[in-house]
Amino acid sequence: MKIAIVSDSHYKLDYLADCINLLKEECEYLIHAGDFCTQEALDILENSNLKTIKVFGNNDYSLLHLTQKYNIKQEPYYFKIEDISFKLMHLPYHLNPDTNIVIFGHTHKFHTEYINKTLFVNPGEVCAREMPIISCVKLEINENEYIITRFHKKTDENNFKKEEYKYVK
């Protein structure tokens, strides 16, 4: 199973589209960990033709009226894909290991670690606000391992670079 993960796209619709176009060929799911900020960003997610899962971020209050239309969840949102349990949130306030995978955003910093059989992932920022770097993640879940591939590029570059992190389950 392969999952595209993005967060903190804010108003950078072209950056969000770049990330999704990079990831959608290989992935079946698309997770956004909040701060999409615009209905246009939600439309980009929906038009990806991937199964999307998303939570509100602290900058998404103006979009609350779109909860039903775009199936946006409140944080922390617990769900399962096949036999893997997930917790999705924007604010990193619920970082306890009560699921197989914990996905969060808000800090605008890429982070991954595997502690006591729980994988923690923050894909970093799509918007390139903190640093001029666009960041997104592909999570591959295999029977015995998790593979995190971080894709990143400077805002003035055309091609993404990648880094890979492997964790044995």
Side-chain angles (χ1 to χ4, degrees), residues 1-37 40-55 57 77 79 81-82 84-92 95 97 99-169:
M1 169 183 1
K2 294 178 183 172
I3 302 169
I5 305 173
V6 296
S7 187
D8 296 282
S9 49
H10 290 262
Y11 298 93
K12 299 296 186 171
L13 302 177
D14 52 343
Y15 297 168
L16 178 60
D18 283 351
C19 289
I20 292 173
N21 287 332
L22 172 74
L23 297 168
K24 74 178 183 179
E25 297 304 317
E26 291 188 43
C27 296
E28 183 179 354
Y29 295 90
L30 171 59
I31 294 175
H32 195 302
D35 276 1
F36 16 84
C37 297
E40 292 81 5
L42 293 167
D43 288 335
I44 289 171
L45 297 173
E46 293 299 310
N47 293 330
S48 70
N49 294 319
L50 299 173
K51 298 171 189 167
T52 61
I53 302 162
K54 52 204 155 301
V55 293
Y77 177 59
F79 62 98
I81 300 175
E82 296 176 11
I84 305 293
S85 61
F86 292 80
K87 178 170 45 177
L88 174 62
M89 69 195 96
H90 181 66
L91 297 169
L95 293 178
T99 58
N100 299 118
I101 299 172
V102 175
I103 299 170
F104 62 102
H106 187 65
T107 66
H108 291 241
K109 293 180 176 124
F110 169 74
H111 176 83
T112 183
E113 64 183 328
Y114 188 60
I115 301 172
N116 297 327
K117 298 187 179 185
T118 299
L119 178 66
F120 295 86
V121 179
N122 183 329
E125 61 180 354
V126 168
C127 69
R129 184 180 76 186
E130 300 295 316
M131 296 174 37
I133 297 175
I134 301 163
S135 180
C136 57
V137 160
K138 176 180 70 176
L139 167 60
E140 184 175 345
I141 302 171
N142 298 318
E143 186 177 335
N144 296 316
E145 69 181 349
Y146 296 117
I147 302 171
I148 300 287
T149 306
R150 177 187 182 219
F151 295 92
H152 56 93
K153 70 176 182 174
K154 292 183 179 177
T155 54
D156 61 353
E157 294 177 339
N158 292 323
N159 298 316
F160 283 91
K161 297 175 180 136
K162 68 179 183 176
E163 303 167 340
E164 194 171 87
Y165 304 83
K166 291 185 179 185
Y167 302 103
V168 176
K169 288 188 192 178

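Residue indices begin at 1 and follow the sequence shown.
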Using modelled atom types and a 3.5 Å cut-off, is there a donor and acceptor pairing between side-chain atoms of [X] and backbone atoms of [Y]?
X    : Y    : answer
E157 : K154 : yes
N100 : I84  : no
T118 : T99  : yes

Aromatic contact, Y165 with Y167 (centres under 6.0 Å): no
Do [X] and [Y] have side chains that get closer than 4.5 Å, going by heavy atoms?
X    : Y    : value
V121 : L119 : yes
I20  : I44  : yes
V126 : D8   : no

Aromatic plane relationship, H32 with F36 - under 30° parallel, 30 to 60° tilted, over 60° perpendicular: perpendicular
For the student: nearest non-hydrogen atoms of [X] and [Y], plus distance:
X    : Y    : answer
G105 : N122 : O-ND2, 3.2 Å
S9   : C127 : O-CB, 3.5 Å
C136 : C19  : SG-SG, 3.6 Å
P123 : V6   : CG-C, 3.7 Å
T107 : P92  : CG2-CG, 4.2 Å
H108 : H106 : CD2-O, 3.0 Å

N116, CG atom: more than 12 neighbouring heavy atoms under 6.0 Å: no
From [X] [atom1] over to [Y] [atom2], what is the distance, rounded to the nearest 0.5 angstrom?
X    : Y    : atom1 : atom2 : result
I81  : I31  : CD1   : CD1   : 5.0 Å
N21  : K24  : CG    : NZ    : 4.5 Å
F79  : I103 : CZ    : CD1   : 5.5 Å
I141 : I3   : CD1   : CD1   : 4.0 Å
F120 : Y114 : CZ    : OH    : 10.5 Å
L13  : E40  : CG    : CD    : 6.0 Å

Pair H90, D35: side-chain N/O donor-acceptor within cut-off below 3.5 Å: yes
Quiz item: cation-pi between K162 and F151, 6.0 Å / 45°: no
[X] and [Y] ion-paired at < 4.0 Å:
X    : Y    : value
K54  : E46  : yes
K51  : E28  : yes
K169 : E145 : no
K153 : D18  : yes

Side chain to side chain contact (heavy atoms under 4.5 Å, CB included) between E125 and F110, intermediate numbers included: CA-CA 7 Å; E125 61 180 354; F110 169 74; over 6 Å; no
From CA spacing to verdict: salt bridge (charged side-chain N to carboxylate O under 4.0 Å, His left out), K109, E130: CA-CA 8 Å; K109 293 180 176 124; E130 300 295 316; 5.9 Å; no
